[in-house]
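Following: one structure in structure tokens, then a few remarks.
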Amino acid sequence: MQFARSSRRRRFGLELRFADVFGVESADRDRDRDRDSLSQVLRRTEQQQEPAEEEQEGHVLFGTLQGSVVGLRYYTGVVNKGEMVSLVREPQNPYDRNAVMVTNVYGNQVGHIRRQLAAPMAHIMDNNLAKVEGVVPYRTNNQFTMPVHLSFWGKEEKRMEVVNELSNHGFKLAPGSKGLSASGQGPSRAGTTLERFWTVPRKTTAVALTPEQLKNVFDKLFDDLMEDKTREMEAAEAVGTPLLPHQKQALAWMASRENSNDLPPFWEQQNNLYLNVLTNFAVKERPDKVQGGILADDMGLGKTLTTIALILTNFHNGKPLPLQKCAASPKSAVRVPKMVKGRNSSLESERSRSHFAEETPKVSASSSHPKRGSEASDVIVISDSDDAGEGVAPKKRAKRKESKGETSTSSTKGSVILSEDSDFAAALGEFLQGPSSQKKKAHKKSEGGDDTQGKTGKSVGARATLIVCPLSVLSNWLDQFEQHVSADVKMNVHVYYGTERIRDPKFLAKQDVVLTTYNILSTDYTDKRSSPLQAVSWLRVVLDEGHIVRNPAALQSKAVLALTAERRWVLSGTPVQNSLKDLWMLISFLKLKPFDIREWWNRVIQRPVMLGDHSGLQNLQALVKGITLRRTKNSRVGGRLLVELPQKKVFVEHVTLTEDERRRYERVRKDSRAIIKRYFREGTVLTNYADVLAILVRLRQFCCHPQLLEGAATPAGPTEKASTPDELRQYLVKKISLVLSSGSDEECAVCLDSLRQPVITYCAHVYCKPCICEVIRSEKENAKCPLCRMQLNIKELVEYPGEQENLDAAQDKDECLSSSKVDALMVHLFQLRSQDPKIKSLVVSQFTSFLSLLEVPLRQHGFDFTRLDGSMNQKSRVKAIQAFQDTAQGSPTIMLLSLKAGGVGLNLTAASRVFLMDPAWNPAAEDQCFDRCHRLGQKVDVVIIKFIVKDSVEENMVEIQQKKQKLVEKAFGMKNAEERKQSRIEDIRALMEL
DNA sequence: ACCGCCGGGTGCC
DNA sequence: ACCGCCGGGTGCC
């Protein structure tokens, strides 16, 4: 008894010490302290000191060790069979400065590591030689000690030091057996014997994933997250815009995530306990549910509208947000034309149904609008009726605002119609005190309806939703509130932004919605004690573009994590950009226990996945699935696309060469045919494949512009091999560049997939570097080129140096002759310019040199254009895209685009015309290019014009395209390498009409 | 803890 | 009896 008490005292003592040191940081901590144990406090402070927490990448398992946890009877933490435990150094322990304490997943202390073992462990842990992890393999029936299985993970170079330190204290590491990590082991069900647990190590396919594979994992991670999420929910009346079916589904899902009592992922109820099947941690109390999740819909599917609907529809107990109704008079004096225009008919009818149609419009909130150039500051005119005293407040506030001489954004339509009239707010005060307002209050009472707030005496806690977003979309949120909140209710939307922002938590807590930016959040957080945003207990926090928050070390991340809320949401079109760590940040924000603590995330998810552990991946997937809704524009609801896009019309325009061009074309064609014919005769088409491609490229380039051939290499016959190694190298670099830029979408003959890290062999065949290296490794000295059986040597592989800016001779010469195809394009561009100068076009070619040629006539005729191709760096790409997407007058109307530039994410919806200057080998590449502008966000029909030169290789390419398309449609894809090879030869034969 | 360890009591078999 | 052995008291770090 005495001991127990004294140890408790010690614990508090420690806690206080930590609170003293880090006490500045938060009310939040104080609130939570009751629930949190010492170790959690310790852990948190740790995180604050080293937020990055050492990277575990490259860590290997040194070995394992059986240790024991002692002193169980002094602590309350319980551990079950197979449960993971955490080992925390406790250097301040007055009895042993080597002390290592053991805590369970929830951070409750279980005991200590026996001192003999703690000594070397302390040394190892303090010097960062290894990370030590514990799993309790079984329980003994004694109440004093329990076994713990320790694994030592660290960098290979530290292995000896760790082994020595342990052996100096008489401990010997056993080779690691992965089965002892609790991850993926599943719940240790009754009957799982100790022996089985120990002697059946999980068979792991533990091959670390390459970055490529990881990328693939992420891509697939968010696939197919729709099943079971197709239930629809009607939005509250206050939502003025009818929701599309997929938005109703999202609403239903979000509401259920907020309301349902489901256990969080990986928790199961077993008898009277709740068990986390990944960590094997069990508790008596039901674990907190995660109220919220990640809405990861593609952009354009209406994440904003859905979120607004959620706010209005799902207040407490599944009821809608109680809002004061107000009249919506269409004849209202204050109305921004834009709003009227944007209104749709169903809204009108909605309004006419309103009980209060005769009443005076009410303004509920006014806030200045950063984008609209007024001083960024906000004034609330009226607050909800929950507070009896509020009735008078509006006038006072309105006055304050007036005295500051600010422009205000006021609303008649629902909450947020904008007004530039600064007198308006003052006038409003009168409105609100007028008879109509009182009448309404009376009416509302008699309705006895949805007033869940204070007046009824039933306190429901938090009311306000905080939305954090990048500044660039803040105005969009305001617009969307204006647009989508029904006219006959008023909603308090407060913008917390600008130097004059009202830093009053009580005031903020009264709002329906508070909008702010990540910057403001971070800035306020710098002075943690007085950050109003941190002081409010939010009903809901929404992180818009949530992927922005991903570096845990960043101030904004800390600020975000320190927000107090019942429900948390992340909105993001791209939730995982490149790393699992990004995802951790989001999981941590959502408070998905126990993964909000980095150690459990690392042990249970991140490391297993990085090591290629299949079950780790499954767990990750299950985790994501449980909290994420993601649909893309290709997702279907009941067989139909979520969103119908505007039409896409494709026209082919046949271009006739001039007599002169024709004559020269035929000459080039004849030479080319002769060479290729010879290859066919000799059966060496594949051995000389790069040359064949080069020849075809020349022909295709000629169709675009004869001048393109001038700089190009002459047909490289097999005779023309280089003599010195350096020349050979240059020759190969040229070849590989040719193959890759030929647009033929070459695939690697080993993996039959598109080329990754392309390399070229001395026999001029291109493969993925990893693929061909593997071939050479396995076949050793006898390795031969899979395509031509030539001897291979790993040292002879030449890598692709990357796209180089080839200085085009044509660009210098201002006097540039036109070509039939260029003329054809210009005709269209002229016509478009006179028709509607605002229409923007993409001019697409596979040949960047052709794009350069096109710049000349465009410049000559005064077209504003920008350019995007693979040789540009990230910065100039972004610049080019932004300039083009800008709708302002004077922005470029044409973008010269190289066919394959940019990833799938490239968004060029500003364009509604596409001119495809030359056909691609692969029709899918063309479609992907068209999708750059024919995608969500495109408002008008897209017209695509493909230029094809009559009687040329281009026509033959189109034929092959169509043939391929049919094969794809019939699901007769190429099956094996032989078929593919053969089909390529056939392609060439058809192209050259041989 | 059905242990280990400590230290006092004890002392042929 | 400056040992061994016995058995009660005791127990994390």
Side-chain angles (χ1 to χ4, degrees), chain A residues 1-21 33 36-46 49 64-152 162 165-173 193-195 198 281 597 599:
Chain A
M1 206 51 204
Q2 199 197 342
F3 279 100
R5 229 184 297 134
S6 77
S7 87
R8 271 195 83 73
R9 244 198 326 271
R10 280 203 302 278
R11 283 172 64 194
F12 282 123
L14 263 179
E15 232 174 83
L16 284 175
R17 264 206 298 284
F18 278 97
D20 288 345
V21 176
R33 192 191 289 150
D36 290 358
S37 72
L38 163 63
S39 66
Q40 255 177 341
V41 176
L42 281 171
R43 199 101 37 89
R44 278 204 221 163
T45 55
E46 246 171 49
Q49 285 165 321
T64 63
L65 197 60
Q66 174 94 261
S68 45
V69 187
V70 295
L72 302 190
R73 66 155 152 160
Y74 299 101
Y75 308 101
T76 53
V78 288
V79 183
N80 301 288
K81 180 166 65 175
E83 184 175 329
M84 291 180 164
V85 291
S86 182
L87 303 160
V88 183
R89 276 284 286 127
E90 198 185 2
Q92 302 297 333
N93 188 300
Y95 301 93
D96 181 358
R97 55 192 181 78
N98 289 329
V100 175
M101 67 173 177
V102 179
T103 75
N104 65 18
V105 179
Y106 264 18
N108 299 317
Q109 183 165 4
V110 175
H112 282 99
I113 294 292
R114 201 191 291 291
R115 69 189 308 154
Q116 288 86 342
L117 180 53
M121 273 178 67
H123 178 257
I124 288 165
M125 292 168 83
D126 293 347
N127 293 292
N128 253 324
L129 303 178
K131 178 115 184 68
V132 192
E133 298 181 353
V135 175
V136 173
Y138 56 90
R139 288 213 55 143
T140 56
N141 47 358
N142 91 51
Q143 45 188 316
F144 305 99
T145 67
M146 65 167 79
V148 60
H149 196 85
L150 302 168
S151 330
F152 292 73
V162 170
E165 175 67 20
L166 286 168
S167 81
N168 287 345
H169 287 79
F171 298 97
K172 194 163 176 288
L173 275 184
T193 61
L194 163 63
E195 285 71 26
W198 282 86
F281 181 63
I597 304 284
E599 176 176 357

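All chains are named by letter (A, B, ...) in the order of the sequence lines, taking the proteins before the strands, and each is independently numbered beginning at 1.
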Watson-Crick or G-U wobble mate for dC2(C), both contacts under 3.5 Å: none
For the pair made of [atom1] in [X] and [atom2] in [N], what is the distance, rounded to whole Å?
{"X": "Met101(A)", "N": "dC13(C)", "atom1": "CE", "atom2": "C1'", "answer": "11 Å"}
{"X": "Gln92(A)", "N": "dC12(C)", "atom1": "CD", "atom2": "P", "answer": "21 Å"}
{"X": "Tyr95(A)", "N": "dC13(C)", "atom1": "OH", "atom2": "P", "answer": "12 Å"}
{"X": "Met121(A)", "N": "dC13(C)", "atom1": "CE", "atom2": "P", "answer": "13 Å"}
{"X": "Met146(A)", "N": "dA1(B)", "atom1": "CE", "atom2": "P", "answer": "15 Å"}
{"X": "Leu72(A)", "N": "dC13(C)", "atom1": "CG", "atom2": "C1'", "answer": "12 Å"}
{"X": "Arg89(A)", "N": "dC12(C)", "atom1": "CZ", "atom2": "P", "answer": "19 Å"}
{"X": "Arg114(A)", "N": "dG4(B)", "atom1": "CZ", "atom2": "P", "answer": "10 Å"}

Distance from [X] atom [atom1] to [Y] atom [atom2], nearest 0.5 Å?
{"X": "Ser86(A)", "Y": "Asn108(A)", "atom1": "OG", "atom2": "CG", "answer": "11.5 Å"}
{"X": "Gln66(A)", "Y": "Leu117(A)", "atom1": "CD", "atom2": "CG", "answer": "10.5 Å"}
{"X": "Glu90(A)", "Y": "Tyr95(A)", "atom1": "CD", "atom2": "OH", "answer": "11.0 Å"}
{"X": "His169(A)", "Y": "Ile124(A)", "atom1": "NE2", "atom2": "CD1", "answer": "9.0 Å"}

Under 3.5 Å, is there an N or O donor on one side and an acceptor on the other linking the side chain of Asn93(A) and the base of dC13(C)? yes
Give me the distance, rounded to whole Å, that separates dC2(B) from dC13(C) when you measure between the C1' atoms they each carry. 26 Å
Rounded C1' spacing from dA1(B) to dC6(B) in Å: 15 Å
Ring stacking, Tyr74(A) with base of dC12(C), under 5.5 Å and under 30°? yes
Checking dA1(B), dC13(C), dC12(C) against the side chain of Phe144(A) (C-beta onward), the nearest is dA1(B)
Classify the ring geometry between His112(A) and Tyr75(A) as parallel (under 30°), tilted (30 to 60°) or perpendicular (over 60°). perpendicular
Classified by glycosidic angle (syn within 90° of 0, else anti), dA1(C) comes out syn
For Ile113(A), report the nucleic acid contact type (base, sugar-phosphate, nothing); a contact means any heavy atom under 4.0 Å. sugar-phosphate
